[in-house]
Amino acid sequence: MSDHEQQQPAPRRGKVLEALVRAERKVFTRPAPKSAKSQVKFLLTRAKGSTKALAQRLGVSRRTVERYRAGKLTKPQKRLQAALVEETESEWQPQVRAHAREQAGASGGLMVSVVAYFGFTASGSSDDGRIRHITTPISPTYAAQILQLQEAGATEEELHPVVAEAITESYFTEWGTRADGLRADFSHVQSIDFEF
């Protein structure tokens, strides 16, 4: 393998961003291509046939892309396999994903299930922070804000306060009917899942 093919792996997304990506992938109406050959062919259509552009995206040589397209290579190494899956699923069914995002932001909202440490700030609060497992709906307003931040390339740290505020609104203050002025922050996220 050449030095060009041995590039560093892409930085990992945080748990919130990864959960949003998983939620989008759950709305696919057809399975994404599974074999390396079909993934490369699909990605080449998205790259308008440019093996050079696709090779740069995958971090491999142009010749490697051509070999997978021709079926001469069939079993990619782990890093390349992960890149093929990630790139294929990120490009797969953009209209289905866009429709789900639009609906979540307009009327449907999101459902979130999270296990994390929640701490509170409010006047008269006697509830100390602790690890909680919470499943609650998120309003369309917050869903739209979260999805817009994700689309704009927000970091995990930029998403945390918005997700915490959304959970506070729906779970802790029950849509503004109790605990007025309560603010919850969450950290040490053990697991998180979103659902459209």
Side-chain angles (χ1 to χ4, degrees), residues 9-51 53-60 64-65 68-69 71 73-116 133-156 158-160 162-163 166-167 170 189-196:
R12 288 183 50 91
R13 283 189 283 259
K15 290 183 180 179
V16 174
L17 289 167
E18 190 61 43
L20 288 167
V21 169
R22 282 194 315 269
E24 279 186 339
R25 292 176 182 173
K26 287 179 189 174
V27 300
F28 290 162
T29 57
R30 294 185 342 228
K34 298 289 183 212
S35 74
K37 181 179 179 178
S38 60
Q39 289 169 332
V40 167
K41 283 186 173 186
F42 169 73
L43 290 171
L44 279 170
T45 62
R46 293 290 195 225
K48 297 182 172 88
S50 171
T51 55
L54 180 56
Q56 287 176 339
R57 277 176 68 183
L58 297 174
V60 296
T64 300
V65 170
Y68 279 105
R69 178 179 57 189
L73 294 177
T74 57
K75 299 242 188 245
Q77 293 180 351
K78 287 182 183 178
R79 187 193 58 77
L80 178 56
Q81 179 62 41
L84 282 169
V85 169
E86 175 65 28
E87 292 295 327
T88 301
E89 289 184 352
S90 71
E91 296 278 339
W92 190 247
Q93 293 191 326
Q95 293 165 331
V96 171
R97 281 197 323 268
H99 177 71
R101 293 171 71 89
E102 183 180 312
Q103 189 172 358
S107 62
L110 292 169
M111 182 65 89
V112 65
S113 179
V114 63
V115 177
H133 182 177
I134 296 173
T135 301
T136 188
I138 292 178
S139 71
T141 305
Y142 280 111
Q145 192 175 356
I146 290 166
L147 294 171
Q148 286 169 354
L149 283 169
Q150 178 202 22
E151 205 168 290
T155 64
E156 189 81 0
E158 293 168 332
L159 281 169
H160 271 231
V162 179
V163 174
I167 292 170
S170 68
V189 178
Q190 294 175 1
S191 68
I192 185 166
D193 283 303
F194 289 98
E195 192 174 304
F196 283 94

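These numbers come from the heavy atoms of this one structure, side chains and all, not from hydrogens, waters or symmetry mates. Everything numeric in this text was worked out from a predicted model, so none of it was measured.
Evaluation of the ring pair (Phe, Tyr, Trp, His ring centres under 6.0 Å) rule for F42 yields W92 as partners, not counting sequence neighbours. By the side chain to side chain contact (heavy atoms under 4.5 Å, CB included) test, E156 pairs with K15, V16, L17, H160, sequence neighbours left out. Partners of S50 according to the side-chain hydrogen bond (donor to acceptor under 3.5 Å, both in side chains) rule, which considers only residues two or more places apart in sequence or in another chain, do not exist here. In this structure S90 satisfies the side-chain hydrogen bond (donor to acceptor under 3.5 Å, both in side chains) test with no other residue, sequence neighbours excluded. Annotation: side chain to side chain contact (heavy atoms under 4.5 Å, CB included) contacts of K34 (sequence neighbours excluded): none. Checked against side-chain hydrogen bond (donor to acceptor under 3.5 Å, both in side chains), T29 has the following partners two or more places apart in sequence or in another chain: Q93. A98 is linked by a side chain to side chain contact (heavy atoms under 4.5 Å, CB included) to nothing, counting only residues two or more places apart in sequence or in another chain. For A83, the side chain to side chain contact (heavy atoms under 4.5 Å, CB included) criterion is met by L58, not counting sequence neighbours.
Between F194 and the options V21, L147, L110, a side chain to side chain contact (heavy atoms under 4.5 Å, CB included) holds for only L110.
In this structure, CG in L44 is found 12.0 Å from CD in Q39, a value given to the nearest 0.5 Å.
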Table please: side-chain donor-acceptor pairs of residues 135-144 below 3.5 Å, with sequence neighbours left out.
unit_1	atom_1	unit_2	atom_2	d
T135	OG1	S113	OG	3.1
T136	OG1	S170	OG	2.9
S139	OG	Y142	N	3.4
S139	OG	E169	OE1	3.4
Y142	OH	E165	OE2	2.6

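Annotation: salt bridge (Lys or Arg N to Asp or Glu O under 4.0 Å) contacts involving residues 138-147, sequence neighbours excluded, are absent. Identified under the salt bridge (Lys or Arg N to Asp or Glu O under 4.0 Å) test for residues 83-93, with sequence neighbours left out: R13-E86, R25-E86, R25-E89, R46-E91, R57-E87, R57-E91. Counting only residues at least two apart or on different chains, the salt bridge (Lys or Arg N to Asp or Glu O under 4.0 Å) pairs with a member in residues 96-116 are E24-R97, E24-R101, R101-E151.
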Derivation and outcome, side-chain contact (heavy atoms from CB on, under 4.5 Å), residues V60 and R79
CA-CA 10 Å; V60 296; R79 187 193 58 77; 3.9 Å; yes
Evaluate Q190 against V114 for side-chain contact (heavy atoms from CB on, under 4.5 Å), listing each step before the verdict.
CA-CA 8 Å; Q190 294 175 1; V114 63; over 6 Å; no
Could you walk me through whether I167 and V112 pass the side-chain contact (heavy atoms from CB on, under 4.5 Å) test, one step at a time?
CA-CA 8 Å; I167 292 170; V112 65; 4.0 Å; yes
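Q150 approaches L159 most closely through the heavy-atom pair N-CD2, 4.5 Å. The shortest non-hydrogen separation linking V40 to Y68 is CG2-CB, 3.7 Å. Taking each heavy atom of L84 and T88 in turn, the nearest pair found is O-OG1, 2.7 Å.
The local environment of NZ in K41 is sparse, with at most 12 non-hydrogen atoms from other residues, nucleotides or ligands closer than 6.0 Å.
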